[in-house]
Protein chains: 2
Amino acid sequence: MLLRIQLDSHLPAYRQIADSLRTLLVDGSLPPGSLLPPVRQLALDLSVHFNTVAQAYRILAEEGWLDLRRRRGALVLKRDAPKSPDPDFTASLRRRLREIAWEMRAQGISAKEIAHELRSIVKGIES
Amino acid sequence: MLLRIQLDSHLPAYRQIADSLRTLLVDGSLPPGSLLPPVRQLALDLSVHFNTVAQAYRILAEEGWLDLRRRRGALVLKRDAPKSPDPDFTASLRRRLREIAWEMRAQGISAKEIAHELRSIVKGIES
DNA sequence: GCTTATTGTATAATGTCTGTGTACATTATA
DNA sequence: TATAATGTACACAGACATTATACAATAAGC
């Protein structure tokens, strides 16, 4: 399970974990039928408390990605095609994208490099 | 001052304000020599306490964007070319970009639309 | 079947963060 | 010199994040 989080980030750990896992779920790295590691094991890997991992798992379960059951673990589900996306949430995601891009710019990363990064993301998504 | 924040977001208001303003600073909408609105006025616009805006201003001042002085206000500085970017921070920005893109995918937004969005960001940055 | 170990769940405790209230310091302007 | 406009400092209440601890469910082994 290749996962990394930044403990000193302003984003809470449980959300970083959920976000990272969601990426793996969407891009197919964690196909339906897979079992995620037990909360205690992943927690050890990430140096957090297992309840923090459990919280991340619960977020993904509520989104329909996982089926959680005691003793068996966290099973990846075949998720239905999403319904029509929430426009507000979508708009906020769009804005966050743009802000992060500009924040990289402010960091001194060249427009060229950012463009390259964005293109590589596009590629990953389209495939 | 065209600014909007989402009070119900998980990102704190002061950070949303700082991020949005930084975007305007980087893209030239707020050129050096400009005066930002007083904290109390912007706070009214955004329906937050003025200390919340002050906190955002202070973040940008520490980043070298603003010179804050009592009674005169928040002056936009000509910021020196950024030093070599912090690689850890940069990597985390990259990861957040990718995660948000995949989160849009999970929301049911098509790869095509996301690609379009990313391309429009690239355009904005390159110009 | 029964026991046990493994797994997620529930709840409380604790520290940190966010936003606000209020008083203050500074300084341009009249 | 007085006044008003502006940012600053600091304390407080409430929310939030993480951890600690006890519990419930259930697959596996016997």
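What you are looking at is a predicted structure, and each value in this text was computed from that prediction instead of being measured. Just so it is clear: chains get the letters A, B, ... in the order the sequence lines come, proteins before strands, and each one is counted from 1. Below, all heavy atoms of this structure are taken into account, side chains as well, without hydrogens, waters or symmetry copies.
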Engineer: Nearest whole angstrom, please: distance from the C1' of D/dG7 to the CD of B/E62.
Structural biologist: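 Rounded to the whole Å, the gap is 15 Å.
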
Engineer: Would you check if the side chain of A/S9 reaches a backbone N or O of A/Q6 as a donor-acceptor pair within less than 3.5 Å?
Structural biologist: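 Not at all, since once roles are kept as given, no pair shorter than 3.5 Å links the two residues.
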
Engineer: If you assign each of A/R69 and B/L68 to its closest nucleotide in DNA chain D, which residue comes earlier from the 5' end?
Structural biologist: B/L68

Engineer: Does any N or O in the side chain of A/R69 come within less than 3.5 Å of the main-chain N or O of A/L75, such that one atom is a donor and the other an acceptor?
Structural biologist: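 Such a contact is absent between A/R69 side chain and A/L75 backbone.
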
Engineer: Check every strand shown and say whether A/R40 touches a base, only sugar-phosphate, or nothing at a heavy-atom separation below 4.0 Å.
Structural biologist: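 Base contact.
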
Engineer: Report the nucleotide, chosen from D/dT21, C/dG8, C/dA5, that has the shortest atom-to-atom distance to any side-chain atom of A/A74.
Structural biologist: C/dG8

Engineer: Any side-chain heavy atom of B/L21 sitting closer than 4.5 Å to one from B/L36?
Structural biologist: yes

Engineer: Where along residues 11-19 of chain A does a heavy atom fall under 4.0 Å from DNA chain D?
Structural biologist: A/P12, A/A13, A/Y14

Engineer: Side chains of B/L77 and B/L66: closer than 4.5 Å at any heavy-atom pair?
Structural biologist: no

Engineer: In residues 50-60 of chain B, which residues come under 4.0 Å of DNA chain D by heavy atom?
Structural biologist: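 Close to the strand are B/F50, B/N51, B/R58.
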
Engineer: Nearest to the side chain of B/R70, heavy atoms from C-beta on, is which of C/dA25, C/dT27, C/dT7?
Structural biologist: C/dA25

Engineer: Nearest heavy atom decides the nucleotide; on that basis, is A/S47 or A/R72 closer to the 5' end of DNA chain D?
Structural biologist: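 Between the two, 5'-proximity favours A/S47.
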
Engineer: Could you check how far CZ of A/R71 sits from P of C/dT9, rounded to whole Å?
Structural biologist: 15 Å

Engineer: Name the residue closer to the 5' end of DNA chain C, choosing between A/H49 and A/H10 according to the nucleotide with the nearest heavy atom.
Structural biologist: A/H49

Engineer: Could you tell me the separation between the CG atom of B/D8 and the C1' atom of C/dG19, rounded to a whole number of Å?
Structural biologist: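 It is 15 Å, rounded to the nearest whole Å.
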
Engineer: Ignoring hydrogens and geometry, is there a side-chain-to-backbone donor-acceptor pair from B/Q107 to A/T90 under 3.5 Å?
Structural biologist: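 Answer holds: no.
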
Engineer: Is the closest basic N to carboxylate O distance between B/R79 and B/E63 below 4.0 Å?
Structural biologist: no

Engineer: Which nucleotide, in any strand shown, forms a Watson-Crick or G-U wobble pair with C/dT3, with both distances under 3.5 Å?
Structural biologist: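 Matched C/dT3 with D/dA28 under the 3.5 Å cut-off.
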
Engineer: Take the protein atom CG of B/L7 and the nucleotide atom P of C/dT18, then report the distance between them rounded to whole Å.
Structural biologist: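 Checked: the CG to P distance equals 15 Å.
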
Engineer: Where do A/E126 and B/A115 come nearest, in terms of heavy atoms and distance?
Structural biologist: OE2-CB, 3.7 Å

Engineer: Does C/dA30 have a Watson-Crick or wobble mate here (both distances under 3.5 Å), and if so which one?
Structural biologist: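 Result: D/dT1.
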
Engineer: Indicate, with yes or no, if A/L42 and A/Y14 share a hydrophobic cluster defined by side-chain heavy-atom contacts under 4.5 Å among Ile, Leu, Val, Met, Phe, Trp and Tyr.
Structural biologist: no

Engineer: Between B/E117 and A/R98, does at least one N-O distance fall below 4.0 Å, as a salt bridge requires?
Structural biologist: yes

Engineer: Expressed as a whole number of angstroms, how long is the span from A/D67:CG to D/dT26:C1'?
Structural biologist: 14 Å

